[in-house]
Protein chains: 2
Amino acid sequence: MSVSLAIQESSSSRDRILDVAEWLFARRGFNGVGLREVADQAGLGKSSLFHHFQTKSELYCQVILRTLERIRAHVQPALDSDGTAAGRLDRVVDALIDALVGDPPSARLLLRSMFEDEMLPESAHELPEHKAAECETESMLSDFGMLIREGIDSGVFRRVSVPHTIQSLIGAIVFHFASGELGEKLIHSELLAPEAVAARRREVKDLLRHGMVAEDSATAGEKK
Amino acid sequence: MSVSLAIQESSSSRDRILDVAEWLFARRGFNGVGLREVADQAGLGKSSLFHHFQTKSELYCQVILRTLERIRAHVQPALDSDGTAAGRLDRVVDALIDALVGDPPSARLLLRSMFEDEMLPESAHELPEHKAAECETESMLSDFGMLIREGIDSGVFRRVSVPHTIQSLIGAIVFHFASGELGEKLIHSELLAPEAVAARRREVKDLLRHGMVAEDSATAGEKK
DNA sequence: GTCTATATCACGATAGAC
DNA sequence: GTCTATCGTGATATAGAC
């Protein structure tokens, strides 16, 4: 309906295909999307796709890789910024949310890609795009980990488990923006509405800072 | 390989089909699973499935519903328990983790089901199993919300956003156990290994209690 | 680069014997 | 309740004209 639209009329066929495929793969997954539908929405015949991408897997992997690189581009300045680990983590959270909001299908696409690897054909795992995507993922998770580790070592953060904290961050951020109808029913708003995005930023960062417990200054150390 | 196995030889055909389908749908999604494969692994011919389930959609919806009901059965006692909202929330977290760990495919299955609804055929949305599953989901989210609301009203929790906190909880808990290879690479352990599960319980509950910041008793109120 | 036409295959579902 | 056989469809991918 109003979901898939425009996509830019003045771009190259290749970019139009990638844009259409990104939306479709995000909403219905690798196996749920037919190249016929991609071709139609990109304004081409089905066979024309194979002049731009040799296989469906290659198209898929290029979509994933492009999304990861966009996120990296958003997050890198925050990682490189100055200040305490806590301040930088806040900026990373903001940058990650910026990236996901600026590329609406990306949250779902990434969440799906995390557990749809095994339903790609064997051959897809040999594609350079696939390996590059894996590498980019590892690299970003590693950078997040180093930031958290630095925060612990400098005494700014508790002695959290670094990998578990990364998992919680991904869960709290990426999952939220991937949650679609379920999330929108919960928050009674579109996930990408400006106030909803602002609220999400605030809630995630406050949760990271204070947890859920009220007035921990007064009762800290007493509980547990 | 070592993933799909045994499944109980002494159960009814119907239960074997449900068990096999649960594993397969969890790993590859609705469109990624063929009834041929379900039948093979259940030890039946493909056509025999249609004597137990009229359509693939019906099989899928019954798998989802069964999973939701198992989770409800685990979580209900925690919701009904006594004590502060904080204590009950801890028990709910534990119960939810118990449920996900006790039914290994369930985390992925649920995460997938949250955004695979729209790739089911139209007819599936009219199935009683589908409506029951939607109802069960809403009901459980509502119960979580009431618990958090009560914690805020009684002054135990900060004035968090209830729906956003639910989203963070789902993200931190369900996503983690659905994250598969990615999560296992991060934590350097199988997700369901007892120590890994114990660590996850601890990390999630500590994050809810204290956030990430160290020694908030000393610096509370100074930041922001 | 894009098209039409087609090859090949797997899918969900049905019919009907046993 | 399970089977074999089959129908109709839509998938990825290819061949080759324009």
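- Electrostatic pairing of A:D40 and A:K46 does not count as a salt bridge here, judged by no charged N lying under 4.0 Å from a carboxylate O.
- Distance B:Q54 CD to D:dG1 P: 14 Å, rounded to the nearest Å.
- Among the nucleotides C:dC3, C:dG12, D:dT14, the one closest to any side-chain atom of A:L44 is C:dC3.
- Counting non-hydrogen atoms of neighbouring residues, nucleotides and ligands closer than 6.0 angstrom, the CD atom of B:Q76 exceeds 12 such neighbours.
- For B:D40 and D:dC3, the CG to C1' distance is 14 Å, given to the nearest whole Å.
- Close to C:dC3, at under 4.0 Å from its OP1 or OP2, lies no side-chain N or O of A:H51.
- Remark: C1' of C:dA10 and CZ of B:R28 are 13 Å apart, rounded to the nearest angstrom.
- Here D:dA11 presents its P atom at 13 Å from CZ of A:F25, a figure rounded to the nearest Å.
- Comparing B:K46 and B:S13 against DNA chain D, the residue whose closest nucleotide sits nearer the 5' end is B:S13.
- The CG-P distance, from B:L49 to C:dA10, rounds to 18 Å in whole Å.
- The side chain of A:S47 has C:dA5 as its nearest neighbour among D:dT12, D:dT2, C:dA5.
- A salt bridge (charged side-chain N to carboxylate O under 4.0 Å, His left out) with A:E22 is found for one member of A:R27, A:R70, A:R28 and no other, namely A:R70.
- At the heavy-atom level, A:V33 lies under 4.0 Å from the strands shown only through sugar-phosphate atoms.
- Contact of the B:S168 side chain with the A:E203 side chain is not registered, since no non-hydrogen atoms from C-beta on lie closer than 4.5 Å.
- Counting heavy atoms from C-beta outward, B:F175 and A:V174 have side chains that stay 4.5 Å or more apart.
- Regarding A:H52, its NE2 atom lies at a distance of 12 Å from the C1' atom of C:dC3, rounded to whole Å.
- A residue-by-residue look at A:R36 and A:F50 shows that A:R36 has its nearest nucleotide of DNA chain D further toward the 5' end.
- Distance A:K56 NZ to C:dA10 C1': 13 Å, rounded to the nearest Å.
- Proximity of B:S48 to the phosphate of D:dC3: a side-chain N or O atom is located under 4.0 Å from OP1 or OP2.
- Between A:L35 atom CG and D:dT12 atom C1' the separation is 7 Å, expressed in whole Å.
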